[in-house]
Amino acid sequence: MLTRRGFLGVALAGAAAGAAASPLGAASAPFDLEEATFAGLRRRRSRELVDQYLARIRALDPTLRAIIEIDPDAPAQADARDREPPRGPLHGLPILLKDNVATADRTTTTAGSLALEGSIPPRDAELVARLRAAGAVLLGKANMSEWANFRDRQSTSGWSARGGQCRNPYALDRTPSGSSSGSAVAVAANLCAAAVGTETDGSITSPAAACALVGVKPTVGLVSQSGIVPIAHSQDAAGPLARTVADAAALLGVLAGETYALDAGALKGARLGVPRKGYTGYSREADAVLETAIALMKERGAEIVDPAEIATAGKWDDAEFDVLLYEINVDLPAYLAWAGAPVRTIADIVAFNEKNADRELVHFGQDILTAKPPSRARYDKARASALALARKGGIDATMDKYRLDALVAPTQAPPSPIDLVNGDHWTGGAMGAAAVAGYPSVTVPAGWAYGLPIGLLFFGRARAEARLLNLAYAFEQARRARRVPYLLATAAERPGAEPAPRPAVPAP
């Protein structure tokens, strides 16, 4: 086992007093890929990277529960990459996939559910084909909230019947959040170079913020949805989880077939709006991080419009649920048929869970899966209403009114404790507007409270990925808030506690 010093380095600056120690045990050498970026990793042999990451997974994942399955062919993939000329920007880099992204290899695709155990789809998801073409080594499948957290209203993020309860690497009793939980934890704990997650509403950006990562939820349709276990085609989007904006931009570029050039001076002259109503006031810690971020962005030349309210904030919630409930009842059976899965309908899934209740329903139920979907007429009305409120009357109206380049708000509160009895404790966040609109958003580490991460979310109009990535990059370079996780058993007692800085591994 790796020590706290060997694995994670410098202690929380003054914060560990009173906080329970890491449970990870005794000595080992430091991990020399810690915080390594794509630029540094590309200078190493791929097989060396895979072997080191696999050893780290064996040491840490019994505690973190971030991984569902390792591809047994990952070492062979790495050997092949080492023999080849570079295929693309991800050549030889070990990448993890969320367990709802189809691969036609020796790993299964199960969305965390025992009902899909053993399921191997007939071909790769389109985004997987892009990753392979770019030279990535697919390390395996990451744990996730089962069925992307759309099984029961009282669910616990990061739990799946196949993977168990995934844990936040900054405090093991805290939620990793969202449904791309294992992907985020694996990247934050340096178990891979980067990972692919998916989001319907918050499932990339929320775990990214909870794990001090950069997460990009792209415009719906920018990255192909083909071969991904769905919730709803109107809002589903796959995107990167990475330790830096540059790495996230490179991974998104492969997934989307685009190139993103980054500018550390992008905040200068940018006009940024700060929505307050519905986006602040739920967490004093998140509000404090926002104020610090605003001051920093002003220093870097941004023009801040504060407040720049989204008049329709939250008014789309009921319509959104109707849309998702209708579409999962159409989209999920279509995927199951394509994949040749052992269950073919939602009724089959419900019956399987009831038959295997001791493993599937031990912590929460399936009231979403058993809910009656709305009629087509009600769905059409809900979809039109959701778009009108989130797009035309929401993000678009606010950006037009204040002539904005982007909107910015705290991504969410610091991660709450894991609660398998009562489910997630959600206080607030900024992800909903872009999710319902199908517009892009980028979260970047922005600050800390009690040793727990808080992110800053940049969001805006459709296909604004390049602009948002530049703003996030400029903020990242100015703030440099990401810290290596310390794997404390629980959160620090001091409100301002922050893990001490650790530089990225220098290029060999």
Side-chain contact, heavy-atom cut-off 4.5 Å: [X] with [Y]?
X: I228; Y: H233; result: no
X: T200; Y: L324; result: yes
X: L251; Y: L131; result: yes

Query raised in the report: Sequence neighbours excluded, which residues qualify as ring pair (Phe, Tyr, Trp, His ring centres under 6.0 Å) partners of Y326?
Result: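 For Y326 the ring pair (Phe, Tyr, Trp, His ring centres under 6.0 Å) partners, ignoring immediate neighbours, are Y379.
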More than 12 heavy atoms of other residues, nucleotides or ligands under 6.0 Å from [atom1] of [X]: is that the case?
X: R153; atom1: CZ; value: yes
X: D318; atom1: CG; value: no
X: R378; atom1: CZ; value: no
X: R45; atom1: CZ; value: no

Query raised in the report: Hey, what do you get for CG (L191) to CG (L96), rounding to the nearest 0.5 Å?
Result: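 Those atoms lie 7.5 Å apart.
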Query raised in the report: From S155 OG over to N149 CG, what is the distance, rounded to the nearest 0.5 angstrom?
Result: 3.5 Å
Query - Passing candidate, side chain to side chain contact (heavy atoms under 4.5 Å, CB included) with L241, options V214, I204, D247, T205 - result: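 The side chain to side chain contact (heavy atoms under 4.5 Å, CB included) with L241 is passed solely by I204 among V214, I204, D247, T205.
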Requested in this report: Would you check if the distance from the ring center of W338 to the ring center of Y335 is below 6.0 Å?
Outcome: yes
Requested in this report: Given salt bridge (Lys or Arg N to Asp or Glu O under 4.0 Å), test D124 with R130 step by step and report yes or no.
Outcome: CA-CA 10 Å; D124 287 340; R130 287 180 175 271; over 6 Å; no
Query raised in the report: Is a side-chain donor-acceptor pair under 3.5 Å present for T110 with R162?
Result: yes
Query raised in the report: With distance as the sole criterion, is a donor-acceptor pair present between the side chains of E69 and T108 under 3.5 Å?
Result: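 Their side chains do contain a donor-acceptor pair, which is all the 3.5 Å distance test asks for.
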Query raised in the report: Parallel under 30°, tilted from 30 to 60°, perpendicular over 60°: which one fits the rings of F459 and Y279?
Result: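 Rings of F459 and Y279: parallel, as their planes differ by under 30°.
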